[in-house]
Undergrad: 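Pasting a structure here, questions to come.
Throughout, a chain's letter reflects where its sequence line sits, starting with A, and its residues are numbered from 1. Only heavy atoms go into these numbers, but all of them, side chains included; no hydrogens, no water, no symmetry mates.
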There are 2 protein chains.
Amino acid sequence: MRPAAEQVTQSLRDEIMSGAIASGTRLGEAELAVRLSVSRTPVREALSRLAAEGLVELTPHRGARVATWSEEQLREIFELRLRLEPYAVRQAVPRLHSDQLDQLDELAEAMIQNRSLDRLVDLNRRFHGMFIDAAGSLPLAGALKAVTHAAVVHQNFADYTPDAMHRSLNHHVEMVAAARAGDGDWAEAVMRAHLYNARATMIGGPL
Amino acid sequence: MRPAAEQVTQSLRDEIMSGAIASGTRLGEAELAVRLSVSRTPVREALSRLAAEGLVELTPHRGARVATWSEEQLREIFELRLRLEPYAVRQAVPRLHSDQLDQLDELAEAMIQNRSLDRLVDLNRRFHGMFIDAAGSLPLAGALKAVTHAAVVHQNFADYTPDAMHRSLNHHVEMVAAARAGDGDWAEAVMRAHLYNARATMIGGPL
DNA sequence: CTCAGCAAGTTTGCATACAACCCGCCCGTC
DNA sequence: GACGGGCGGGTTGTATGCAAACTTGCTGAG
């Protein structure tokens, strides 16, 4: 059996990212310990790690809450993503093997076929994660992970207009095509457009 | 008295950043607990947080070591800094008040006067930190903190040639001048040059 | 009626005890 | 003599108990 702390971390991460636990919800240690059938110690450990990832906010003697982001912070996060994620895609392109490209195509296709919004969030996270991992830079991956978490949690595909959703799904397909062509510039440009499109529906333009 | 875990975190962070504990050193929980006169619990908490900051590496059942960075990772870290820190400086310029500018001048001047290398590391960290904080973006500050930590730990001013050191110190002064002039473009450019200069002495060029 | 002060209850923070796991060494076997 | 298995020491991972801090609701004075 795997370490308890890690399992707790994963469980909470999934629940937060999938939206099962809403932003701002209070996370009592004892309550979580009972619910997950472990003691408070690994729960504390897990909360500490998630706080490091930026998924929960931890204030001394006042416990943990699921992180919340102001509109201003979301804007700043997109600014960061725009500086890092297109670069990551560019680095990833020459490193992607054909089987990975196939996987990416499958993910992009699955997102188009898919109808469940919950599943869409997960597929989307895996799609972006594959590019980030393929970039092959641990520091870059670490910096982006914290930053994209926020976007994932806050991402409400229900807010997407049909047009915006259509664009987003096509961006995924186009990005894989660019990668398959070995054209880093192209892929990078598509990722930029992808992020601007997402930002437009989430916070409505640059201001 | 302040919370024990926080004090332990701060102590270890200082010791690692100042180089008092070398890169790769094993950090036994029991040993640290005795040395800092606390139990293992807050020590574990501290190690967990420092791992999140990227200062220590934590492997399951095998304990903690002070983080080490390969030359490849250092290269990637500089790539990240080059994308984020000049941008941070640009954002900071219009937000810096005159008393903060005075402080920055004092730091830059102190670095010139200073002869102790240990003190230089601390002054340099505070100088860069002020710009990052002034940028006013928590997500940006978080991303940069993890990334600059590595550079600070690995920074060996003893490796600087007199010329490189002279350039570095002058960059600081010039950056404050640019900020005082309210010229974000100028300040950003100086920071770029500052980072390239540092990279050249630390890993020797882009490759 | 409002607000300051306080007291009970709940929650976090720390210490200690126990269990699980990893590493190194020894011994036995091939 | 070399290699594989296992046994012991030591370290990390988890559970539990207790002390300190915060929150909340009440009470009484203004």
Undergrad: Between A/Arg40 and C/dA15, is there a contact of a side-chain N or O with OP1 or OP2 at under 4.0 Å?
TA: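 No, no such contact exists.
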Undergrad: Side chains of A/His149 and A/His154 only: does a donor on one sit below 3.5 Å from an acceptor on the other?
TA: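 Not at all, the side chains of A/His149 and A/His154 share no donor-acceptor pair under 3.5 Å.
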Undergrad: Return the value, rounded to whole Å, for the distance between atom CD of B/Glu45 and atom C1' of C/dA15.
TA: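 My rounded result for the distance is 14 Å.
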Undergrad: Can you check whether B/Pro86 reaches B/Leu195 side chain to side chain, under 4.5 Å on heavy atoms?
TA: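 Result yes, sub-4.5 Å side-chain heavy-atom pair found.
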Undergrad: Using whole Å, what does the distance between atom C1' of nucleotide D/dG13 and atom CZ of A/Arg44 come to?
TA: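 Taking CZ of A/Arg44 and C1' of D/dG13, I get 15 Å after rounding.
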Undergrad: Only Watson-Crick and G-U wobble pairs, only distances under 3.5 Å, only runs of 3 or more: what stems does that leave for DNA chain D?
TA: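 So the stems come out as C:1-30 with D:1-30.
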Undergrad: Rounded to the nearest Å, what distance is computed from the CD atom of residue B/Gln7 to the C1' atom of nucleotide C/dG13?
TA: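 These atoms are roughly 14 Å apart.
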Undergrad: To the nearest angstrom, how far is B/Leu27 atom CG from D/dG10 atom P?
TA: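 From B/Leu27 CG to D/dG10 P: 20 Å.
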Undergrad: Would A/Arg81 count as a cation-pi partner of A/Phe78, with NZ or CZ less than 6.0 Å from the six-membered ring centre and within 45° of the ring normal?
TA: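 Yes, a cation-pi geometry holds between A/Arg81 and A/Phe78.
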Undergrad: Between A/Glu188 and A/Arg192, is there a side-chain N and carboxylate O pair less than 4.0 Å apart?
TA: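 Counted as a salt bridge, because a side-chain N and a carboxylate O are separated by less than 4.0 Å.
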Undergrad: Using whole Å, what does the distance between atom C1' of nucleotide D/dT24 and atom NE2 of A/His61 come to?
TA: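 Whole-Å distance recorded here is 18 Å.
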Undergrad: Would you mind telling me which of D/dG13, C/dA15, D/dT11 lies closest to the side-chain atoms of B/Glu29?
TA: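 So the side chain of B/Glu29 is nearest to D/dG13.
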Undergrad: Throw together a table of side-chain donor-acceptor distances under 3.5 angstrom for residues 101-112 of chain A, partners on residues two or more places apart or in other chains.
TA:
unit_1   : atom_1 : unit_2   : atom_2 : d
A/Asp102 : OD1    : A/Arg180 : NH2    : 3.3
A/Asp105 : OD2    : A/Arg180 : NH2    : 2.6
A/Glu109 : OE2    : A/Gln113 : NE2    : 2.9

Undergrad: On DNA chain D, does the nearest nucleotide to B/Gly63 precede the nearest nucleotide to A/Ser39 from the 5' side, or the other way round? Give the residue.
TA: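 Closest to the 5' end, via its nearest nucleotide, is B/Gly63.
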Undergrad: Quick one: which of A/Arg75, A/Glu76, A/Glu79 gives a side-chain hydrogen bond (donor to acceptor under 3.5 Å, both in side chains) with B/Ser137?
TA: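 Output: one option passes, namely A/Glu76.
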Undergrad: Please report the distance, rounded to the nearest Å, between CG in A/Leu32 and P in C/dT12.
TA: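 To the nearest whole Å, that distance equals 9 Å.
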Undergrad: Output the rounded distance in Å from CD (A/Glu6) to P (D/dG13).
TA: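 Taking CD of A/Glu6 and P of D/dG13, I get 11 Å after rounding.
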Undergrad: Counting only N and O atoms by type, is there a donor-acceptor contact under 3.5 Å from the side chain of B/Thr9 to the main-chain atoms of B/Ala5?
TA: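 Yes; judged by distance alone, with no hydrogens or angles, the pair exists.
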Undergrad: Tell me the interatomic distance from A/Arg62, atom CZ, to D/dT23, atom P, rounded to whole angstroms.
TA: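 It works out to 4 Å between those atoms.
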Undergrad: Given D/dT14, is OP1 or OP2 found less than 4.0 Å from the side-chain N or O atoms of A/Thr41?
TA: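 No, outside the criterion.
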